[in-house]
Structures are given as C-alpha cells and as structure tokens.
Number of protein chains: 2
Amino acid sequence: MQRIKQTSKTPGVKSKASSQTARAVLSLREMLVQGRFRPGERIREVPLAAELKVSRIPLHLALERLAHEGFLEIRPTRGFVVQRFSTEDIYDAIELRGLLEGAAAKLAAQRFKHISELSPLQATSYEILSLVRGHKKLTMETFNLYIDLNARFHSGLIDLSRSRMLRRAIQQACSLPFASPSAFLKRQYVSSDLWELFLICADQHCEIVDAIANRDGMRAELLTREHARVARRNLEDALRNSELPPDMAGAKLIELSSSVRPSTAR
Amino acid sequence: MQRIKQTSKTPGVKSKASSQTARAVLSLREMLVQGRFRPGERIREVPLAAELKVSRIPLHLALERLAHEGFLEIRPTRGFVVQRFSTEDIYDAIELRGLLEGAAAKLAAQRFKHISELSPLQATSYEILSLVRGHKKLTMETFNLYIDLNARFHSGLIDLSRSRMLRRAIQQACSLPFASPSAFLKRQYVSSDLWELFLICADQHCEIVDAIANRDGMRAELLTREHARVARRNLEDALRNSELPPDMAGAKLIELSSSVRPSTAR
DNA sequence: AACTCACTGATTGCATGCAAAAGACCGTTG
DNA sequence: CAACGGTCTTTTGCATGCAATCAGTGAGTT
C-alpha cells in the first residue's frame, strides 16, 4: 500500500472523512455496533488494518479512541479487547445520562439571563410535538426526522447549561450507543406503540422547557431524569418480548443475564 | 536516536514505566500540571519529542490520551492546544464530581448485600479520623498519609456502588487535577486551618458510611455532595487570599475571570 | 490599496520495517 | 508425570523518512 496520490478523495464509495484515522474510527465503530466482534474478543491489528485498508498507525489511533469511548479495553502490551456489557450496565448507563442531563436542565433553569435564550429549545420542542401530532402513522422519514430533532433538543439543553464540564461528561456518557437519547429505538419498531412513546416524549420536552422558563430548576431536573428513563422502559420492553433485536445498535455487545430483572427504580 | 538495545532499563535515572508512551504520558501530565505550557498554546510535537527523548509516535499517543483527559484540545490537522479553564469551569467540575460521587453513595446504600461489605470503607474512615485526631500538628508525612487514605475512601465508595459506568464517569471527571478529591490542598497550606478541614472531612466520611449502612441512600447522597463542596470552599479561600498558589496542581491552566492577574504565565 | 494566488517553510499524518514482549510449542529433567 | 526452561511464532511498540497540509509571505492583478 504505497502512497498513491490519494490526496483529495476518490469520490466514489464513501470518503466521508479526511484522515485515515477518522475513517478508521467510523468504520470500526460501525463494526462494533453491528456486532462484528464478540465481546471479550481480542482484536488483532494487522489483519484488521488490512481489512480496513488503512495502515497500522491510524488503526491504532482509532482503536485508542474507541477504547476511550468505552467500546474496548486496553491491555498494556496485549492490544485491545472488546468490552462486554450486562443489562445492569445498560440500566446504569441510562440512569447516569439521566442524572447528567437532569443536572444540565437544572443549571439551564438557573443560568439563563433572558427568556429569549430559550427560544431555540422551545422551537425544537414545538417542532417535535407538531411533527408527532401530525403523523399518527409513522413513516421511516418521520422516524428519522424525530431522531434528528430529538438530538437537537438534547444538545440544546446542554448548551443552555453553559457548563463545558457537564457537556464533556454527557458526551462521554452517550458515547455508548445504548446510552444515547435515541437508544433502543429501532426501525423494526415503527408501530403505534412507538407513536405513543414519541408523543409522551414530546410532552416531556415541552414540560422541561416550561420548568426551565419558570426557573424551576428542581422540576426541570426531575422531569429530565424521568425523560431519560423512557429509554429504560424501551429496553425492558425489548427484553420482555424475548431478546434484543439483533439489528439494534450495540445489541451484540450486551450479555443477557439469566433473569430479566424486575424493575427496581421507576 | 537509534534502537540501542535499551531493552530492559537503564536503572539509573527514573525508569518508572515500561513503555515509551506511558513514560511520555507521565512526563507530559506533570508538565501540564506544573504549568509548563500556557493555556491556548499550540504544542509542537517534534521539539517536544526531542525534549522528552521519545519518538513522535509515542508522543502523539500520549498527547491523544491527555486530550481525552481534558488537558488538551484536538485540532484536526493542527495538533494539540492546551485547554484553558475559567474558575466557573472549576466550580462546575467540582459540582460534577459531587453529583457523581453522590450517586455512587446512593447506589452503595441500595446495593450492598451484607453489612460486612462496608467494612473496608468503614475501616478507612476510622483510620482517617484517628489519624487526624492524633496529629493536631500536621506534618508533611501525615499530610501525605491523609491524601492517600482519602483517595482510598473515595475509591472504596465507588467500588460499593457496583457501577462500572459510574466508575468510568467519575474517573473522567477526576482526571483534571482541580476536580479530584484532593484538589487545592497544597503543601504550603499545612496549617491549623488545614487540620480543621481534615477533621471536618473525616467526620463527613464517617457520616457517609453511617448513612450507607442504614440504607439511607438520600442522606448518603446529600452528604457526599456536600463533602465534595469542601473543595469548592478551598478554592474560594485560595482565590480570596489573592491568587492561586503557583505551585498548586493545574493552577497555571486556570484563567482568573475578572480579577487582575499579571498575565505572563511563562 | 486590496485581493488573489502561488510559493515556501513549518508541521502533522502516515507507511514501512525492525525490535521487543508475550504466548505457544517442545524437549529435557527431576 | 509434572514442571521447568529454551526456542519459535505471533503480535504489538516504536523509529524513521516521506507525503500532505497549513500558515505566512510576497508578487501580480484589478
């Protein structure tokens, strides 16, 4: 693999990122989320580099980054090992995100100077609500739009907290796919149940904004924590139905404990 | 710098870590904490590698790690830039640690199966208390011992939470020196004020253990959050006295907001 | 004078090859 | 037969050199 003036990009396939490392990060994360590796499996760099068509240095950098995101464990001179997650880990991760986003909501309520600063968040929450109300039959398109707007809401909430430290912590907490705000929503679930869920969430968004606008930090915090628990309910439903849908992001990294544990919190 | 059979170690100087990368991480972190770089400064890899006597690859890996810890910012093809922190950032970081450790304490209260699991934490808290009571005149040695035991207490608390996710989050939150449990305690402050502070903390430790033992999760959480705020008070005191003591870990990375400060950090 | 653009010096990104550990295998020895 | 030790193999760690890219500079054009 010599250096063959691949400077800009072969616009053909998928040249999404500019650097080899960035490309490797994207591919690898995708592979991990798709369950391409078994939990506990040791990753050998040379064959993987060949497969991804990058050299070992950028691959190593990419692995290091994914280890930091929580997908891999670093063994001092023995490479990287794929992490395994129990359902308790997932519950804890969701609860952790709720804790952090709740703190963000509280800070938002305390820190905004003028009510107009809330407009973006308010706009997003209305947009979500009208999207859901207007599409009682969900399509793929509205589903994706919802995911998008939902992400914008959560990111806007973090902006309002004006805390870099909190932002960092939330980013890290959400770096595992099953902890992110849109976890456990998968295409195959496009159903009326899902529509109800979206409506509930849309309502929660509006109430959160309302609490923030009234400087009711405690209410904003509690609502936001509750909002995060929706993901927990989704996971519980999925587990009750039988097993995790195999196409769900990160499902293959989850090791089901023998008993689906009856909900403790909530 | 060729490969000169430096296989094992020149036991002379300081061979602390086995790999070049690990050595570079240690040296770099030390340099950063000591304020060797100015906030906002761009780090040039080649001269730094020469100075640290490592090659550019391990240096790059080390820089990446410190970026993950929060010391540096990554610019896509422009290297690493030293982060700057405001006092608000520090306050937020301390509050964040309190939030997370509080959650750990709450989980600890909920999750222990048998009271004997608390013995290590209990033992540590007693050990700290008797250390402080027995040494109304603090020496360097008792100071260091306190720091040590304090770290053990905090780590024991995290163990009891039985949450890998929380552990990860706390680790990340504490990776910046001014957010860690022993932040803003510096040698020059060995004084009777410090003794009082230690006593208060030792008492808090005992009360936290007591709350956990009684399964009073809420009390454990609130106590732990309050315990973290001691660090905030320390910082406030230090700021009130004039400026940050220049030998304090990470002080040079902190940019005092409104108050005047002779800028040259060197 | 301001703007563009090509050039240049500085700096990071990356490929390759080699060395050092860690693990596997096997023969020897108690 | 188990345990130990040596050699071989596999795999990661690292050094070096080159390519690509970025920031700064100066010439040319409007």
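Chain letters run A, B, ... following the sequence lines, proteins first, then strands; residues in each count from 1.
Between the P atom of C:dC14 and the NZ atom of A:Lys53 lies a distance of 17 Å, rounded to the nearest Å. Rounded to whole Å, the distance from CD1 on B:Ile57 to P on C:dC18 is 17 Å. Here D:dT10 presents its C1' atom at 17 Å from CD1 of A:Ile43, a figure rounded to the nearest Å. Rounded to whole angstrom, the span from the CG atom of A:Leu63 across to the C1' atom of D:dG13 amounts to 14 Å. The distance from atom CZ of B:Phe80 to atom P of C:dT11 is 16 Å, rounded to the nearest whole Å. Rounded to whole Å, the distance from CZ on B:Arg23 to P on D:dA15 is 9 Å. Protein atom CD of B:Glu73 is 15 Å distant from nucleotide atom P of C:dT12, rounded to whole Å. For the pair B:Glu45 CD and D:dT21 P, the computed distance is 17 Å after rounding to whole Å.
Two residues, B:Thr77 and A:Gly79, neighbour DNA chain D, and the one matched to the more 5' nucleotide by heavy-atom proximity is A:Gly79. Residue whose closest nucleotide on DNA chain C sits further toward the 5' end, between B:Arg75 and A:Arg42: B:Arg75.
Not one side-chain nitrogen or oxygen of B:His60 sits closer than 4.0 Å to the OP1 or OP2 atom of C:dT12. Between B:Ser55 and D:dT16 there is no side-chain polar atom (N or O) within less than 4.0 angstrom of OP1 or OP2. Distances shorter than 4.0 Å separate some side-chain N or O of A:Arg78 from OP1 or OP2 on C:dG23. Taking only side-chain nitrogens and oxygens, A:Arg44 comes nearer than 4.0 Å to OP1 or OP2 of D:dT11. Remark: B:Gln20 is in phosphate contact with D:dA15, judged by side-chain N or O atoms under 4.0 Å from OP1 or OP2.
Between B:Glu95 and A:Met165 there is no side-chain heavy-atom pair separated by less than 4.5 Å.
Between the side chain of A:Gln34 and the main chain of A:Met31, no donor-acceptor pair closer than 3.5 Å is present. When atom types are taken as modelled, the side chain of B:Asp92 and the backbone of B:Asp89 share no donor-acceptor pair closer than 3.5 angstrom.
Salt bridge A:Glu88/B:Arg162: absent, no basic N to carboxylate O contact under 4.0 Å. Taking 4.0 Å as the cut-off between side-chain N and carboxylate O, A:Glu51 and A:Arg36 count as a salt-bridged pair.
Residue A:Pro76 is classed as a sugar-phosphate contact, given heavy-atom separations below 4.0 Å to backbone atoms only.
In this structure, the nucleotide among D:dT12, C:dC14, D:dC14 sitting nearest to the side chain of A:Pro58 is C:dC14.
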